[in-house]
Amino acid sequence: MFTKRVARFFFAIFMITGVLYVGGLTTVSAQFKSVQTNDLNLLYYDVGHEFLVNHTIRSYTNALIFHKSLFDYTLSEPVTLIMQDFGDFGNAGASAVPRNVVLMGIAPFHYAFETNPANERINVLMNHELVHIVALDKPSASDRFFRKALFGKVDPVQSDPVSMFYGYLTTPRRFSPRWYHEGIAEFLTTWMSGGIGRVMGAYDEMMFRTMVRDGARIYDAIGLESEGTTVDFEVGANSYMYGTRFMSYLALHYGPESLIKWTARSDDSRRHFSSQFRNVYGNSLSQVWGEWIEWEHEFQRENLNRIRTNPVTVGRPLSNRPLGAISRAIYDDVNNQIYVAVAEPGKVAHIAIVNPETGSMRRLTDLEGPALFFVSSLAYDAQTSTLFYTNNNNGWRDLHSVNVETGRSELRIKNVRTGDLAFNSADNSLWGIRHFNGIVSVVRMPYPYTEWNRIHSMPYGHDIFDIDVSPDGKLLTAAIADASGNQKLKMMQIEELMDGVFNPEEIFDFAESSPAGFTFSPDGKQLFGSTYYSGVSNIVRYDIEEKSIEWLTNAETGLFRPIPVWQDSLIAFEYTGRGFLPVKIPNEPAERVSAIRFLGQEVVVNHPVVKDWMLPPPSPDFVDVDTIVHTRTDYSPIRNLALNSAYPIVRGYKNYVAGGFRADFSDPLRMHKMSISASWSPHPGLASDEHFHASFSYELPSWHFFANYNAADFYDLFGPTKRSRKGYAIGTGYRANLIYDVPRVMDFSVTTTYFGGMERLPEFQNIITSFDSFISLNARLTYQSTLFSLGAVDHEKGVRWELMSSNNYVEQTLFPRINQNLDYGFALPIRHSSIWLRSSAGISFSPRREPLGNFYFGGFGNNWIDNQSSRRYRAFYSFPGTELNEVAGTNFGKLMVEWTLPPVRFKRAGFLNLYANWTQLNFFASGLFTNIDDSAFLERYYNAGAQLETRLVIFSTLDSMFSVGYAVARNDISGVYSNELMVSLRIMR
Amino acid sequence: MESRIKNLIQAEIDGENTSQESEELERILKTNPEANALFKQMLSISNRLEQIKADIKLPENTDFASQFEKNVTNAPVTYLKTGPKQTNEEYTMSESNNFFKSSTFAWVVAAASILILVLYISADIPQPAQEQVVGTIGVDRIERAERYRATQITSADIILDNEQYQQVLQSDQFQRLVESGELQELAQNQSFVNLMRDPSIQELMRNEQMISLISDTKLVELMREPAFLQLMREPSMIELMRTAVDDRSFTELMFSDRVAGIIDSPGFTNLMREPGFISLMRESSVNELIAQESFVELMRNEAFVRLARDASFVSLFHTSSNVSLMRSADIEVLERNASFAELMRDPAFTQLMRHEGFIRLMRESSFVSLMRSPFAVELMRDAFFVELLREPAFVQLMREPGFVELMRSSFAVELMREPAFIALMREPAFVSLMREQAFVSLMRESAFVSLLREPSFVSLMREPTFVSLMRTSSFVELMRESAFIQLMNSAGFHELMRENRFATLRSQ
């Protein structure tokens with residue numbers, strides 16, 4: 001019997017693998033092209049990106065040569081580099097586990113507030129991402145030993161949490177905070193680019209100068225991770241800014257080489273990043289971090305004193321509070337109001353109308369997909385009171401418009417990929433900057449703004465941004481940056497542009513400083529913008545006729561995005577720790593403006609060795625692509641499928657422990673993933689055919705195949721919920737995105753499974769079956785459109801709808817069930833607090849006596865140690881306060897109201913290896929009716945409860961959730977009360 | 001001039017180049033006159049500055065910049081007196097400052113001028129040594145922050161592959177094409193994909209002229225034509241592209257407006273499947289043809305498409321005369337002729353066009369001229385015309401303008417239907433007669449047809465005397481007389497024609 005079942009199991013695996021092999025070859029292989037050198041496997045999917053391939057190889061190789069030398073690094077395997085154009089702004093990410101992979105977006109960077117360098121970006125990205133690869137991948141002797149023993153670098157998986165420890169043994173530096181990785185990457189990138197980068201960043205100087213001026217808290221290493229990257233409007237960017245600042249401080253005081261010793265893994269280095277810190281610097285990380293904060297205060301006080309040697313510009317605030325991150329703002333002189341897109345913690349991003357007289361604000365319309373720094377692009381047609389704006393600013397932007405009188409918004413062009421909008425009132429056209437295939441184009445959108453026309457495409461490496469059109473519609477100004485990072489303010493004749501002539505006239509060369517947000521005065525005779533020329537962002541005025549430039553302000557923090565509203569004064573936005581504050585400033589030249597000192601300048605003056613870290617240009621003179629590329633071919637996931645790692649596991653089967661082995665395979669792109677595990681439960685209490693357990697899964701982007709035999713589960717070792725089952729199952733599933741227009745997402749999935757040798761229902765552990773085999777077919781259709789604000793821990797408003805169908809076929813009888821869930825939530829005026837109404841209803845078309853014909857409800861559903869959603873009480877089958885599966889029915893209706901309270905964030909709660917981020921309390925109350933159609937079987941339950949969630953971080957990167965819940969339930973028919981206390985730790989996200 | 005070259009020049013002057021960079025610059029200077037000129041200019045300036053420096057004794061304090069600032073910007077306002085009387089009178093900026101001694105002031109002014117010139121020339125050099133520009137007083141009263149920045153890479157260091165194509169890909173027309181899904185369909189055509197991978201095509205795609213063609217927005221518009229996309233899926237078209245890589249005129253043709261005008265014709269895609277037509281397309285003469293609007297119109301004609309499938313038709317285009325025909329404005333006349341259009345649809349005509357004789361005929365310019373005749377259509381549609389085509393003499397006759405002139409008349413059709421006409425045509429005398437206007441006029445007479453039907457007429461044509469008789473103006477009258485016909489058929493008349501005496505008599 002046992003042999004027969006095992007044989008069936010492996011036969012199924014064989015069949016599935018065969019199907020996959022054919023499917024993999026025919027469906028996926030043609031999508032990606034692969035260009036290979038000994039050190040690189042570059043993948044791209046679009047012929048339109050091909051023009052960048054060789055340049056990318058040169059930039060990569062150039063950077064790798066440097067890192068190999070600086071870190072004494074030997075690449076353990078070629079890096080898989082994926083070129084993509086999934087978003088309108090350039091970015092990249094790197095991982096070394098289980099394989100070395102870099103995902104690189106080829107789009108131009110955004111330059112809002114000068115938060116990104118303007119020099120050639122692929123060079124910059126390669127320099128930066130390869131630091132991550134080295135910092136993650138470089139092994140010590142012990143790392144190499146464990147990588148050999150475990151057949152590779154172990155990627156922790158939720159289903160077998162023991163993999164976390166193997167991960168730490170094979171790639172320990174992966175378990176370091178983000179500021180550590182980004183800090184060293186930004187530090188080195190700056191010097192590899194010859195001084196262009198965050199170390200020399202004016203925005204970073206402004207941020208820390210402002211914190212010192214305002215007496216704001218500069219976080220310690222734990223507080224930064226637990227609170228600092230979530231509470232202010234810069235959120236995750238704080239990891240970059242703090243990390244770079246701390247690394248720069250260390251370089252200044254201990255030498256840049258000390259950073260290499262700290263971040264490079266070597267045979268004599270310590271496994272944990274903080275232990276290695278002490279090893280290098282002789283003090284604890286916390287202590288030196290504290291010293292840095294003290295030094296930073298002194299450094300910034302000196303800078304503030306420099307600024308204050310001249311009269312400081314003090315603006316009159318025009319709103320009651322800072323607005324968070326802001327877009328370009330527009331002044332409507334007819335209605336005397338300012339339109340600006342804002343994103344701040346605790347509020348869903350939106351376009352706000354600010355009354356400059358009273359400082360009051362009101363919401364015009366919500367924004368979907370706000371960008372971190374520039375939020376959205378705005379332009380205004382005063383004649384029709386139409387405000388144009390962009391949504392999905394982190395992906396492919398869409399053009400929308402909203403009437404400021406009625407608030408009615410409208411989608412104009414989907415995926416227009418255009419921003420930096422400017423309205424030309426002379427011909428009612430809308431101008432913008434389009435990003436596509438890594439190229440920047442000036443485009444024009446004529447009325448009714450449903451299509452665009454390309455006016456001019458810039459050569460690669462040249463960017464154009466922050467455009468404005470003169471009131472008479474004859475001139476267009478823009479900031480233009482070249483591959484060297486030079487940025488100039490230029491002006492073009494619109495008539496010439498329309499004739500295909502691109503001949504911009506240079507207005508002013510701001511060198512490495514960006515000419516930001518230049519806009520015409522209402523009479524078209526002057527331009528107002530900002531620049532970090534002195535190191536502080538100040539407002540400048542350019543007289544077009546006189547061709548003269550004047551500095552209007554001497555700001556302590558920074559002034560941006562001026563709006564020339566009045567003859568004698570203008571509106572600008574002042575940087576504060578809580579975002580940008582609209583202020584009114586005089587339209588008069590400043591007496592004098594003093595420059596500040598940059599930390600990066602101190603580093604290079606005191607440690608000129610960093611000058612030697614600049615790379616040679618990635619030109620063919622240095623890297624000959626033709627000699628290093630050995631293969632150009634189609635990418636086939638199945639041919640690249642390889643063993644990632646294999647390691648011992650422990651699992652639970654019923655109430656017994658099982659030990660075994662797990663092996664994970666994937667291709668570098670992870671389009672195909674395969675996992676095989678086998679374990680054995682030696683306990684004599686088990687039947688002879690229940691000692692052996694095995695599972696197999698194979699995942700494709702849309703399809704997945706699986707098989708289990710006496711399925712075991714790690715989490716069955718803890719708690720009441722059991723997912724291990726006797727018997728075997730073999731199945732396949734398909735999933736697809738019907739809509740993917742974030743935040744609107746609609747998914748469809750269907751899974752069919754054959755179960756054999758079963759003794760309990762797979763879904764409901766307490767329901768014993770009278771049959772041992774059946775076929776199930778489950779389908780699910782989900783639609784979701786939910787929003788959340790910066791710093792949120794959960795979705796805060798929106799709608800979620802789900803339709804599910806479960807069909808079981810047993811002994812020639814079909815048991816169909818169908819149910820749907822509908823959730824609706826809205827944000828409260830309290831930050832990060834919402835009310836959600838959650839409803840469910842379902843019906844089964846089978847006799848009530850049949851186990852498969854019923855829905856079952858009960859309990860929180862969390863295990864003591866768990867890997868599923870911690871807020872399981874929201875699931876339709878959950879009913880806290882009752883026993884698991886206690887309530888049954890062939891039809892049901894359920895309604896829940898939930899109040900999520902604002903999370904409490906911890907500035908410091910724990911240690912570097914284990915700390916708490918936040919805790920949040922949620923209250924809920926629900927009513928459940930089953931068997932509504934028959935009063936004889938009617939069940940009526942009510943409950944009320946609360947759940948306290950605490951986010952824990954283990955080893956800097958492994959998020960976990962500790963949950964405590966309590967609920968009381970009442971059976972309204974019998975009048976019996978019951979209660980339940982739930983304690984659970986969900987491991988990993 | 002590339003920024004990198006400018007940087008190299010400046011670094012060379014400053015002595016900052018490595019030996020490799022110096023060698024590279026030397027190579028550039030040999031081949032780039034503009035660079036060479038700039039180098040010489042800057043070298044000259046540099047040398048002059050060196051000379052000036054040697055004449056000026058600098059103060060012990062080597063902080064020249066700060067001294068200069070202190071002395072120039074903060075000193076009392078001074079001026080230089082001018083005029084003959086003050087030639088030797090100089091006022092220094094600061095009497096207490098030893099640096100600006102009277103003996104060196106003129107040199108300083110000169111040096112400052114040259115310095116300004118150097119700065120002016122260097123203004124567009126992207127990254128002069130950065131350490132030298134930071135920390136100085138910037139615009140007006142604004143202090144510029146010191147931010148170290150090394151010499152940066154320039155656009156010249158970024159070598160991309162076929163970036164020019166982005167000009168096409170970025171256009172709104174192309175994007176709409178992509179969004180329509182047609183391009184994706186094309187990209188899935190294995191033949192097309194193979195074509196694009198072909199080294200020869202890739203070579204072609206690297207050609208600047210080709211890039212320039214492809215970058216033209218007209219191509220983008222062309223690519224939006226479903227028919228063009230369909231065409232590009234045809235293996236024969238792909239084969240054509242592959243083999244015609246080196247033919248620039250062909251590639252220009254393929255992306256011309258003319259082709260854009262043809263491709264949406266229903267039969268054109270079918271035509272592209274015909275090896276014969278593909279062969280035709282390779283003819284350089286056809287390229288000239290396609291430049292003609294009239295020919296383009298013709299290619300829209302389905303019948304023409306049918307015709308063009310024939311190898312023999314294709315061979316027509318090997319001769320310039322036919323090409324000339326197609327290029328001529330006459331083809332437009334034909335096109336507008338309803339009968340011709342009908343003719344083109346007639347299978348018999350298609351058959352005729354394949355006839356070897358017709359092809360020979362088509363090479364005759366006179367026949368081409370004849371094609372302009374409204375009756376030519378009727379003529380060519382007639383079955384007997386095929387018979388005529390078999391006669392080499394017919395072709396010979398077609399070289400005679402008189403015959404061609406005759407053919408233009410409706411009468412010619414009737415005449416040529418006469419079986420005896422072929423026999424007549426074979427007579428050498430007939431050919432010579434056709435050169436005479438009088439005879440041609442004679443043939444236009446209806447009586448001539450009757451004459452032609454007489455069995456003895458053709459044999460009489462062999463008699464020079466008879467031929468001479470026919471040349472007389474009175475022959476027309478004679479021809480109309482039934483008695484003359486009877487006489488002509490008599491044996492005695494034949495004898496008479498052979499008599500020299502008759503000839504003498506007639507001439508008297």
Side-chain angles (χ1 to χ4, degrees), chain A residues 47-48 50-55 58 119-120 123 193-196 200 202 434 436-437 439 441 443 451-454 457 459-462 482-486 511-512 532-536 538 549-551 589-598 600-601 604-605 611 614 617-621, chain B residues 3-4 7 20-21 24 123-128 130-131 133-176 178-179 183 187-188 190 193 196-197 215 217 220:
Chain A
V47 71
E50 216 160 47
F51 76 110
L52 292 172
V53 165
N54 285 347
H55 172 61
R58 282 190 285 266
N119 51 331
E120 198 281 311
N123 203 30
S193 300
I196 299 182
M200 288 296 223
R434 186 168 196 267
F436 174 65
N437 279 358
I439 297 286
S441 298
V443 300
E451 63 174 37
W452 55 272
N453 304 116
R454 185 267 306 268
S457 294
Y460 172 79
H462 291 239
D482 63 20
S484 304
N486 292 325
E512 66 273 13
Y532 285 106
Y533 192 85
S534 66
V536 178
N538 278 302
I549 195 160
E550 291 275 8
W551 260 247
E591 281 183 27
R592 285 186 73 89
V593 176
S594 299
I596 58 159
R597 284 167 60 210
F598 280 67
Q601 186 67 20
V604 72
V605 167
K611 290 183 183 176
M614 186 181 180
S619 68
D621 296 342
Chain B
S3 305
R4 178 171 161 68
N7 283 338
Q20 284 176 333
E21 286 169 333
E24 184 190 352
D124 63 342
I125 297 175
Q127 296 301 320
Q130 291 297 311
E131 295 92 328
V133 297
V134 295
T136 57
I137 297 296
V139 180
D140 291 333
R141 306 154 307 277
I142 311 307
E143 201 175 1
R144 180 175 170 184
E146 289 189 47
R147 292 163 85 177
Y148 166 77
R149 195 176 179 202
T151 303
Q152 291 294 309
I153 66 166
T154 68
S155 297
D157 298 314
I158 302 164
I159 308 301
L160 305 172
D161 302 277
N162 299 324
E163 189 192 358
Q164 298 91 325
Y165 291 132
Q166 288 298 328
Q167 291 297 323
V168 179
L169 304 184
Q170 298 290 330
S171 74
D172 42 310
Q173 295 101 323
F174 188 83
Q175 287 301 300
R176 281 191 269 278
V178 171
E179 284 160 15
L183 200 67
Q188 284 165 8
Q190 198 53 46
V193 171
M196 289 295 123
R197 286 177 183 163
S215 301
T217 50
V220 176

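These values consider heavy atoms only, across backbone and side chains, with no hydrogens, waters or symmetry-generated copies. Letters A, B, ... mirror the listed sequences (proteins, then strands); counts begin at 1. All values reported here derive from a predicted model rather than from experimental measurement.
- Neither the backbone nor the side chain of N538(A) comes within contact range of chain B, judged by heavy atoms closer than 4.5 Å.
- Residue P617(A) forms a side chain to side chain contact (heavy atoms under 4.5 Å, CB included) with just one option from I153(B), I159(B), I158(B), and that option is I153(B).
- Contact of R597(A) with chain B is not made at all, since no heavy-atom distance falls under 4.5 Å.
- Heavy atoms closer than 4.5 Å to chain B are found in the side chain of M614(A), but not in its backbone.
- The candidate with the highest count of non-hydrogen atom pairs below 4.5 Å against chain B, out of G535(A), A202(A), A483(A), is A483(A).
- Take Q170(B) and apply the side-chain hydrogen bond (donor to acceptor under 3.5 Å, both in side chains) test, not counting sequence neighbours, and it matches S441(A), Q166(B).
- S534(A) contributes no side-chain N or O that, together with a main-chain N or O of R144(B), makes up a donor-acceptor pair within less than 3.5 Å.
- Looking at N54(A), the atoms closer than 4.5 Å to chain B (heavy atoms on both sides) sit in the backbone and in the side chain alike.
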Q. Hey, mind stepping through N486(A) and R149(B) against side chain to side chain contact (heavy atoms under 4.5 Å, CB included) and telling me if it holds?
A. CA-CA 11 Å; N486(A) 292 325; R149(B) 195 176 179 202; 3.2 Å; yes
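- With sequence neighbours excluded, the residues forming a ring pair (Phe, Tyr, Trp, His ring centres under 6.0 Å) with Y532(A) are F560(A), listed by chain and number.
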